[in-house]
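These notes are about the structure you will find just below.
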Amino acid sequence: MKIVVFVNHVPDTETKVKIGADGVSIEPTGVNYMLSPYDEFAVEEALKTKQKFGGEVAAVSLGGDANKETLRKALAMGCDKAVLLKDASVRDSFGVAKGLADFAKEYGADIIFAGKQSIDYDSAQVGGLVGELLGIPSVSVVVKLDIADGVATAEREIEGGHVIVHVKLPAVIIAQKGLNEPRYPSLKGIMDAKRKPIEEKIPAPVEPRVITTAMYLPPAKSAGKIVGTDAAAAVELVRLLHEEAKVI
Ligand SMILES: Cc1cc2nc3c(=O)[nH]c(=O)nc-3n(C[C@H](O)[C@H](O)[C@H](O)COP(=O)(O)OP(=O)(O)OC[C@H]3O[C@@H](n4cnc5c(N)ncnc54)[C@H](O)[C@@H]3O)c2cc1C
């Protein structure tokens, strides 16, 4: 089976994000990066699918050279092949999806895995767009997956319950937290990943459809107030919550 998994290189959740001088992008200096957490579920499911059916897992990332670090993490987890679709400009979701879909088509993917959302821009669009661009089904927020006889049975999380759907492969499976327990890369996996080549391709340019016009951080929170540490402080706390915060 030819299995493709999309992996994005995103700022670490611990990063204190700063807006760049242009006012429409994130200042990259001092930012630590990681494999987008939902993509870890996608990689794990791709590897489990290979364990069951055999074949090859290709991890693909669209971005600049820095994305190689994330591709190496995917290789260390067990992916067979890593491909960088090299474009250091910041594409919108459609531009990213087009590059990834073109690759999946050329590669002849039997199944594609993506994360629910990329935890930098949070658009939650790329997986669905890839399905549409390739004319194949996509199933979002998947928390359980079974594949048999070319049909994927996916359990989706919906408000207050779950729904089960069937889709014929090829299809895009969009991972939600809980789909599996992502494995940690082994030491051997990490060492092997350092030696494996990362293939580079230049994706076709795409006219942006969404233009970012401004980016700003939420206003800084005012410092907290400690009203005391003894029992008497409780009385003062209730007074402040009632008279100042007006929440009780
Ligand atoms: C500091 C910074 C630098 C950036 N540099 C670049 C850059 O060099 N080039 C560029 O094109 N964009 C760049 N971006 C954009 C960034 O990678 C976005 O995450 C991307 O445009 C998709 O965001 P989204 O919210 O639309 O994805 P969503 O729709 O939320 O993503 C859903 C899923 O699609 C897949 N996916 C999304 N984006 C990618 C990707 N780029 N590669 C592989 N799989 C993906 C993942 O499986 C992800 O879980 C940068 C962003 C930041 C914050």
Side-chain angles (χ1 to χ4, degrees), residues 1-13 15 28 31-91 95-116 118-120 126-127 130 134 145 147 169-175 179-204:
M1 204 182 233
K2 292 190 110 178
I3 303 161
V4 167
V5 59
F6 300 151
V7 292
N8 200 11
H9 185 66
V10 297
D12 191 304
T13 41
T15 298
V31 175
N32 292 325
Y33 289 86
M34 62 192 282
L35 168 61
S36 191
Y38 292 106
D39 298 352
E40 289 194 16
F41 299 111
V43 171
E44 178 62 36
E45 207 59 26
L47 295 173
K48 281 171 70 180
T49 304
K50 179 191 155 182
Q51 276 161 7
K52 194 165 171 194
F53 297 101
E56 177 180 83
V57 179
V60 193
S61 195
L62 190 147
D65 273 323
N67 290 39
K68 286 182 181 171
E69 188 189 324
T70 277
L71 284 165
R72 293 223 181 272
K73 167 99 191 262
L75 288 172
M77 284 176 78
C79 293
D80 303 288
K81 179 182 164 88
V83 181
L84 174 66
L85 303 178
K86 199 165 169 176
D87 183 356
S89 66
V90 178
R91 292 187 172 208
V96 171
K98 182 77 174 77
L100 295 171
D102 286 349
F103 169 80
K105 187 172 182 183
E106 183 193 316
Y107 181 69
D110 295 306
I111 188 164
I112 299 170
F113 291 93
K116 177 180 84 157
S118 179
I119 64 133
D120 49 9
V126 167
V130 168
L134 294 176
L145 184 71
I147 300 170
L169 298 185
V172 184
I173 303 296
I174 301 168
L179 175 60
N180 50 47
E181 194 62 50
R183 67 195 68 188
Y184 287 105
S186 63
L187 189 58
K188 182 176 180 308
I190 295 168
M191 298 312 289
D192 288 351
K194 286 187 181 161
R195 286 189 292 270
K196 284 190 186 167
I198 292 179
E199 199 179 311
E200 291 186 19
K201 287 175 174 285
I202 306 293

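Residue indices begin at 1 and follow the sequence shown.
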When you compare the side chain of [Y] with that of [X], does any pair of heavy atoms fall below 4.5 Å?
X: Lys73; Y: Tyr33; result: no
X: Pro203; Y: Lys98; result: no
X: Lys50; Y: Asp80; result: yes
X: Pro37; Y: Met34; result: yes
X: Thr49; Y: Phe113; result: yes
X: Asp110; Y: Leu169; result: no
X: Leu47; Y: Ile3; result: no

* Asked: Between Asp102 and Lys105, is the closest basic N to carboxylate O distance under 4.0 Å?
  ->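 Between Asp102 and Lys105 there is no salt bridge, as every charged N stays at least 4.0 Å from the carboxylate O atoms.
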What distance do [X] atom [atom1] and [Y] atom [atom2] have between them, rounded to the nearest 0.5 Å?
X: Ile112; Y: Ile174; atom1: CD1; atom2: CD1; result: 10.0 Å
X: Met191; Y: Ser186; atom1: CE; atom2: OG; result: 11.0 Å
X: Asn180; Y: Glu40; atom1: CG; atom2: CD; result: 10.0 Å
X: Thr13; Y: Asn32; atom1: OG1; atom2: CG; result: 10.5 Å
X: Leu100; Y: Leu85; atom1: CG; atom2: CG; result: 6.0 Å
X: Lys86; Y: Glu199; atom1: NZ; atom2: CD; result: 13.5 Å

Of all the heavy-atom pairs spanning [X] and [Y], show the shortest one and how long it is.
X: Pro11; Y: Asp120; answer: CD-CB, 3.7 Å
X: Gly64; Y: Leu84; answer: O-CD1, 3.6 Å
X: Val5; Y: Val43; answer: CG2-N, 3.7 Å
X: Ala114; Y: Gly127; answer: CB-CA, 4.3 Å
X: Pro182; Y: Met77; answer: CB-CE, 4.3 Å
X: Leu75; Y: Ala193; answer: CB-CB, 3.7 Å

* Could you pull out all residues at least two apart from Ala97 that satisfy side chain to side chain contact (heavy atoms under 4.5 Å, CB included)? =>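 Residues passing side chain to side chain contact (heavy atoms under 4.5 Å, CB included) with Ala97: Val126, Leu129, Val130, Leu133.
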* Structure fact -> The side chain to side chain donor-acceptor pair (under 3.5 Å) partners of Lys201 (sequence neighbours excluded) come to Glu106
* Pairing residues for Glu69 by the side chain to side chain donor-acceptor pair (under 3.5 Å) criterion, not counting sequence neighbours -> none
* To do: May I have the step-by-step check of side-chain contact (heavy atoms from CB on, under 4.5 Å) for Leu179 and Glu44, ending in yes or no?
  => CA-CA 9 Å; Leu179 175 60; Glu44 178 62 36; over 6 Å; no
* Structure fact -> Sequence neighbours excluded, the answer for salt bridge (Lys or Arg N to Asp or Glu O under 4.0 Å) partners of Arg72 is none
* **Results of salt bridge (Lys or Arg N to Asp or Glu O under 4.0 Å) for Asp192 - residues two or more places apart only** => Lys188, Arg195
Report yes or no: does [X] contribute a side-chain atom to a donor-acceptor pair with the main-chain N or O of [Y] at less than 3.5 Å?
X: Asn67; Y: Leu62; result: yes
X: His9; Y: Ala66; result: yes
X: Asp39; Y: Asn8; result: yes
X: Lys52; Y: Ile147; result: yes

* To do: Could you list all the ring pair (Phe, Tyr, Trp, His ring centres under 6.0 Å) pairs where at least one residue sits in residues 34-69, not counting sequence neighbours?
  =>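 Counting only pairs at least two positions apart or across chains, no ring pair (Phe, Tyr, Trp, His ring centres under 6.0 Å) contact touches residues 34-69.
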